[in-house]
Every structure is written in C-alpha cells, then in structure tokens.
Amino acid sequence: MDNHKRTVVVTGFGPFGEHSINASWVAVQELKKLGLGNEVELHVYEVPVEYQTVQTLVPSLWKQYHPQLVVHVGLSGMATTVTLEKCGHNHGYKGLDNCSFCPGSQCCVEGGPDCIDSVIDMDSVCKRVAASGLGVAVSVSKDAGRYLCDFTYYTSLYLSHGRSAFIHVPPLGKPYTGEDLGRALQAIVREMLDIQEQSEAKINCQHAH
C-alpha cells in the first residue's frame, strides 16, 4: 500500500422528480475521467435519492476506505453557480424521497447537534477557484436545502467530525455542460485537499514543539 496516496471518495445522486438525468452524477463521472492526479486514489459512487440508503451507504464508505476526504455532490434546480455548502443541518426533513419515505423524526441523527460545519474553509476554496480562471462561477452557501443533499451532508459530517464537503451543481446546460462541471469539481477538490493538508501540517507543527 502506497502511504503517500490520499484516498478521496466523491458521490453524486441518481435521478429524482423531473430530473431523469442528475447533473451531480454526470459531473462526478466527468471528474472520474479527469482524475485528481497520481497521488490521489479516487472512488466515485452514485447515491439513490433515499434517506434509508444514505444512512447505511455513507457510514460504509467511511469504514471501507478511511478516506482523507469525502465530497458529496448534489443537484440544485435553483442553482446557477457551483455552490460550496459550509454546513449540514440535523432537523427539518419533511420532503419525501424516491420511496415516498421521510424520517419519522424529521432529523438525521437523534440527539446530534443542530448544525455541523465542515472543517474545510469553503470561503478560501471559493476564492482560490474563482481566481484560477476556470470559467465556472463558484459561490458559498449555508443552507443545503433540507432534502437528501443536506441529509447526506449532515450524516457524513457527523461521522467524520467535519471532514466532508458538499457541492451543489446547477442542472445541465443551465449554463454549464457536464464537462464544465467535471472540471470545476476537479479544481475544487484539489483546493480542498491542499487546504486540508496545510491545516494538518500546521497542527503537526504545533504538536512537534
């Protein structure tokens, strides 16, 4: 096993509602083609839009891969930019999933905190990607929408003590192609890894003194 390789898991969602093709999964497949460089082992998964599947799948990904980072990608019909979500919310899940199910408690983790922030500085990631001349607009948000996206993000943040990220993408062609979104994901995930590495180096440095 190559200890220098970092493992990254990226998920996208399957079809739901009127979205028979989910831009998030298209974008993740494009990212898989592009890769994240030789030093990163990238695994991608398509997640069904089902609360109960998320509750078993997300923990299994963390357990199986012990990743450096897990990035969940979702579709927002209202988005016009690629949006970095800062936090996940525990309560307010009333929307029915593809199985016409929603949690009876309307929450992700009973007894969990109301909101969990990602340890990744999304503002910094956003600034860096915007400055790179990618040609795709990137923004930051604090509300992932209280549906499967937010639910998945909170579940992942809870399990990983904040070492997860969530990115919303707009529908295909509004205004970006799948290739554009794939390039944007590649640039964003690279910056996230970079920022994560810098903050870990700082912590290790403090421990060494």
Trainee: Rounded to the nearest 0.5 Å, how far apart are SG of Cys108 and CD of Gln55?
Mentor: 7.5 Å
Trainee: Is the CD1 atom of Ile21 crowded by more than 12 outside heavy atoms at less than 6.0 Å?
Mentor: no
Trainee: Looking at every non-hydrogen atom in both residues, tell me the closest pair between Tyr147 and Tyr93 and how far apart they are.
Mentor: O-CE2, 3.3 Å
Trainee: Hey, is the main chain of Gly14 close enough, under 3.5 Å, to the side chain of Asn22 for a donor-acceptor pair?
Mentor: yes
Trainee: For the pair Asn90 (side chain) and Tyr154 (backbone), establish whether a donor and an acceptor sit closer than 3.5 Å, ignoring hydrogens and angles.
Mentor: no
Trainee: Test your reading of the model: is there a side-chain donor-acceptor pair from Arg128 to the backbone of Met192, 3.5 Å cut-off?
Mentor: no
Trainee: Using the rule that Ile, Leu, Val, Met, Phe, Trp and Tyr join whenever any side-chain heavy atoms are under 4.5 Å apart, tell me whether Trp62 and Tyr65 fall into a single cluster.
Mentor: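 Cluster IDs for Trp62 and Tyr65 match.
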Trainee: Please confirm whether the backbone N or O of Ser164 pairs with a side-chain atom of Ser118, one donor and one acceptor, at under 3.5 Å?
Mentor: yes
Trainee: Within a reach of under 6.0 Å around CD of Glu110, are more than 12 heavy atoms found that belong to other residues, nucleotides or ligands?
Mentor: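 Atom CD in Glu110 is not crowded, with 12 or fewer foreign heavy atoms closer than 6.0 Å.
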Trainee: What's the spacing between Asn38 CG and Glu41 CD if we round to 0.5 Å?
Mentor: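 Asn38 atom CG to Glu41 atom CD measures 12.0 Å (nearest 0.5 Å).
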Trainee: What are the two closest non-hydrogen atoms of Met122 and Ala165, and how far apart are they?
Mentor: CE-CB, 3.8 Å
Trainee: Between Asp194 (side chain) and Glu191 (backbone), is there a donor-acceptor pair under 3.5 Å?
Mentor: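 Not confirmed, Asp194 side chain does not pair with Glu191 backbone.
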Trainee: Arg183 and Leu134: side-chain contact (heavy atoms from CB on, under 4.5 Å), yes or no, with the steps?
Mentor: CA-CA 8 Å; Arg183 280 189 305 109; Leu134 187 67; 3.7 Å; yes
Trainee: Minimum heavy-atom separation for Pro170 and Ala23, please, with both atom names.
Mentor: O-CB, 3.5 Å
Trainee: Taking Arg163 for the side chain and Val70 for the main chain, is one N or O donor matched with an acceptor at less than 3.5 Å?
Mentor: no
Trainee: Considering only heavy atoms from C-beta outward, does the side chain of Trp25 approach that of Val44 to under 4.5 Å?
Mentor: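 They are in contact (side-chain heavy atoms under 4.5 Å apart), so the answer is yes.
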Trainee: Would you say the side-chain atoms of Ser156 pair up with the backbone N or O of Thr152, donor to acceptor, closer than 3.5 Å?
Mentor: no
Trainee: So does Leu36 get a backbone contact from the side chain of Gln186, meaning a donor-acceptor N/O pair under 3.5 Å?
Mentor: no
Trainee: Check whether any side-chain heavy atom of Leu148 lies under 4.5 Å from a side-chain heavy atom of Val54, and answer yes or no.
Mentor: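 The answer is yes; the side chains approach within 4.5 Å.
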Trainee: Identify the two heavy atoms, one from Thr7 and one from His43, that lie closest to each other, and give their separation to 0.1 Å.
Mentor: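 Between these two residues, the closest heavy atoms are CG2-CD2, 3.8 Å.
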Trainee: Side chain of Tyr176, backbone of Ala137: donor and acceptor closer than 3.5 Å?
Mentor: yes
Trainee: Give me the atom names and distance for the closest heavy-atom approach of Ser124 to Ile195.
Mentor: CB-CD1, 3.6 Å
Trainee: Do Ser141 and His168 get their side chains close enough for a donor-acceptor pair, meaning under 3.5 Å?
Mentor: no
Trainee: Please check: side-chain N/O of Asp117 versus main-chain N/O of Cys87, any donor-acceptor pairing under 3.5 Å?
Mentor: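 Not at all, since once roles are kept as given, no pair shorter than 3.5 Å links the two residues.
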Trainee: Lys86 vs Asp123, test: side-chain contact (heavy atoms from CB on, under 4.5 Å). Steps then yes/no.
Mentor: CA-CA 9 Å; Lys86 288 186 172 187; Asp123 292 308; 2.8 Å; yes
Trainee: So how far is it from Asp143 CG to Thr83 OG1, rounded to the nearest 0.5 Å?
Mentor: 11.0 Å
Trainee: Determine whether Glu39 and Arg6 make a side-chain contact, defined as any pair of heavy atoms from C-beta on separated by less than 4.5 Å.
Mentor: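 Contact flag for Glu39/Arg6 side chains = yes.
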Trainee: With rounding to the nearest 0.5 Å, note down the distance linking CD in Glu179 to CD in Glu30.
Mentor: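 Answer rounded to 0.5 Å: 4.5 Å.
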Trainee: Any idea how Phe16 and His19 line up, ring-wise: parallel (<30°), tilted (30 to 60°), or perpendicular (>60°)?
Mentor: tilted
Trainee: Quick one, Ile120 with Leu69, criterion side-chain contact (heavy atoms from CB on, under 4.5 Å). Give me CA distance, side-chain angles, the key distance, then yes/no.
Mentor: CA-CA 10 Å; Ile120 297 158; Leu69 178 66; 3.3 Å; yes
Trainee: Measuring from Leu159:CG to Lys63:NZ, what's the distance to the nearest 0.5 Å?
Mentor: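 The distance works out to 11.5 Å.
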Trainee: Below 4.5 Å, heavy atoms only, C-beta onward: do Pro67 and Val8 meet side chain to side chain?
Mentor: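 Heavy-atom side-chain distance check fails, nothing below 4.5 Å.
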Trainee: Out of curiosity, Phe101 CZ to Gln52 CD, how far, rounded to the nearest 0.5 Å?
Mentor: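 Atom-to-atom, Phe101:CZ and Gln52:CD are 4.0 Å apart.
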Trainee: Does atom NE2 (His66) have a neighbourhood of more than 12 heavy atoms from anything else shown, all under 6.0 Å?
Mentor: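 Result for NE2/His66: enclosed.
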Trainee: Are side-chain heavy atoms of Cys149 and Phe13 found at a separation under 4.5 Å?
Mentor: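 When only atoms from C-beta onward are counted, Phe13 and Cys149 do touch, with a gap below 4.5 Å.
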Trainee: Consider only side-chain heavy atoms of I, L, V, M, F, W and Y, link residues closer than 4.5 Å, and tell whether Leu34 and Val169 are in one cluster.
Mentor: no
Trainee: Nearest heavy-atom pair of Leu185 and Val28: which atoms, and what distance?
Mentor: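 So the minimum-distance heavy-atom pair works out to CD1-N, 3.9 Å.
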Trainee: Classify the ring geometry of Phe151 against Tyr51: parallel below 30°, tilted from 30° to 60°, perpendicular beyond 60°.
Mentor: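 Rings of Phe151 and Tyr51: perpendicular, over 60°.
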Trainee: Check the pair Leu31 / Leu42 against side-chain contact (heavy atoms from CB on, under 4.5 Å), numbers first and verdict last.
Mentor: CA-CA 9 Å; Leu31 169 65; Leu42 172 63; 4.1 Å; yes
Trainee: Within the structure provided, determine whether Leu172 and Leu181 are in side-chain contact (heavy-atom separation under 4.5 Å).
Mentor: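 Yes; the side chains approach each other to less than 4.5 Å.
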